[in-house]
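Let me begin by presenting the structure, written as structure tokens, before commenting on it.
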Amino acid sequence: MKKIILSGSTVTGDLTLGNYIGAMNNWKKLQEDYNCFYFLADLHALTVQQDPKTLKERTYSFLAQYLALGLDPQKNTIFVQSHIPEHAELAWILTCLTPIGYLNRMTQFKEKSEKNVKNINAGLYTYPILMAADILLYQTDLVPVGEDQRQHLELCRDIVGFWQNRYGEGVFKMPDAHISKMGARIMSLQDPDKKMSKSDENEKNYVLVIDDPKKIEKKIKSATTDSGTEITFDAENKAGLSNLMTIYSVLSGKTISEIEALYVGKMYGHLKVDLAQIVIETLGPVREKYLELMKNHDYLDEVMKSGADRARVRASATLKSVYDATGLVARR
Ligand code: TYM
């Protein structure tokens with residue numbers, strides 16, 4: 001029996017190079033050896049105000065981006081979160097088990113509520129519980145994510161503990177985070193002390209997976225670097241350059257020392273020109289495939305439907321055990 005992998009992305013903005021390097025690039029590798037569930041977190045997107053028409057269109061767009069990035073809908077179960085009502089249902093049950101003290105510690109809640117002062121809704125606060133429900137419904141072994149999700153994964157493991165204390169073992173599997181050593185936190189291009197984020201207001205801070213080559217080149221060439229000249233990796237003192245070297249390393253397969261050796265005596269500008277080319281070579285075909293897929297909503301609907309049919313079987317089996325354990329009467 002193959003181990004179960006599950007991961008997803010919140011349907012806001014567009015996928016960035018940070019999402020690709022920290023998450024989807026690994027999802028793609030894992031699809032060969034694991035039973036993978038990859039979903040579009042549209043319920044999570046509702047924690048910030050969404051224009052209904054844009055949310056709908058973006059859900060198709062994210063699905064097309066997943067497929068264009070190389071996720072095979074035959075090998076993986078790819079689905080939309082809201083199509084499986086068990087997510088919201090289990091989230092409520094887990095909400096009743098989670099002490100608010102644990103939610104108060106979540107750094108992403110603090111950051112997001114600072115950004116959304118006019119809309120600090122309860123969903124923004126309980127968001128990590130919905131994430132735990134996403135993971136636990138599928139008896140997930142491993143959750144491939146970037147560094148920013150580590151704390152949410154730890155909370156998910158705590159929630160399994162709260163459940164076991166109250167109802168015993170056997171209903172949920174304890175999941176592990178799968179976080180790469182390299183590229184788990186890609187930084188903003190203009191402000192390398194901050195993570196690259198798809199909800200950033202300044203588009204110069206990120207490269208999108210579907211940016212055209214000209215934009216990619218411009219953004220990489222204008223990335224902030226220090227005033228030094230030597231191309232060496234030093235995340236503390238040369239944060240911008242080191243971020244570019246990390247992207248270079250993950251996309252080219254070269255180690256950091258190989259990159260340092262390659263650029264002895266060269267200037268930061270040389271590295272930027274080459275890196276822009278590497279990013280364009282990686283993302284160019286993705287963009288073309290994406291544009292093609294977006295012309296075919298019927299196909300995207302089919303992928304969503306077959307993914308949801310498969311996901312529902314597994315999710316509903318778990319929820320049935322949850323009903324049994326908690327004393328809720330099973331639906332007839
Ligand atoms: P989201 O949509 O913010 O990000 C999707 C994935 O991309 C990773 N990531 C990054 N990795 C490296 N560098 C960056 N700058 C960077 N920015 C984002 C994230 O760590 C993530 O793996 N809450 C999640 C979606 C979610 C989920 C889940 C994930 C909902 N339920 C259950 C796993 C399991 C989120 O908003 O990710």
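If you read the sequence from its start, that first residue is 1, and numbering goes on from there. As the structure lists them, so they are numbered: ligands from 1, and atoms in each ligand from 1.
- Applying the 4.0 Å criterion to heavy atoms of Gly183 picks out, from ligand 1, the atoms 12 (C).
- Inclusion of Gly18 in the set of residues having an N or O under 3.5 Å from an N or O of ligand 1 is warranted.
- Every atom of ligand 1 with a heavy atom of Tyr127 under 4.0 Å away is listed here by number and element: 23 (N), 24 (C), 35 (C), 36 (O).
- The pair Asp200-Lys194 meets the salt-bridge criterion, with a side-chain N (NZ, NE, NH1 or NH2) lying under 4.0 Å from an Asp/Glu carboxylate O.
- A distance below 6.0 Å separates the ring centres of Phe162 and Tyr102.
- Between His87 and Tyr138, the ring planes lie tilted relative to each other; the angle falls in the 30° to 60° range.
- At a heavy-atom cutoff of 4.0 Å, ligand 1 is contacted by the side chain of His44 but not by its backbone.
- Distance from atom 20 (O) of ligand 1 to its nearest protein heavy atom, with residue and atom name: Asp148 OD1, 2.4 Å.
- Nearest to atom 25 (C) of ligand 1 among the protein's heavy atoms is Gly8 O, 3.5 Å.
- In this structure, the ring of His270 has its center no less than 6.0 angstrom from the ring center of Tyr263.
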Q) Could you walk me through whether Lys215 and Glu203 pass the salt bridge (Lys or Arg N to Asp or Glu O under 4.0 Å) check? A) CA-CA 10 Å; Lys215 261 198 181 162; Glu203 68 160 328; 3.7 Å; yes
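- A donor atom on one side chain and an acceptor atom on the other are not found under 3.5 Å apart for Ser306 and Glu302.
- There is a side-chain donor-acceptor pair under 3.5 Å between Lys28 and Tyr20.
- Taking a cut-off of under 4.0 Å to the non-hydrogen atoms of Lys198, the atoms of ligand 1 that pass are 1 (P), 2 (O), 3 (O).
- The contact set between ligand 1 and Ala23, taken as ligand atoms under 4.0 Å from a residue heavy atom, comprises 6 (C), 7 (O), 22 (O).
- With ligand atoms numbered from 1 in the order given, ligand 1 contributes 32 (C), 34 (C) to contacts under 4.0 Å with heavy atoms of Ile135.
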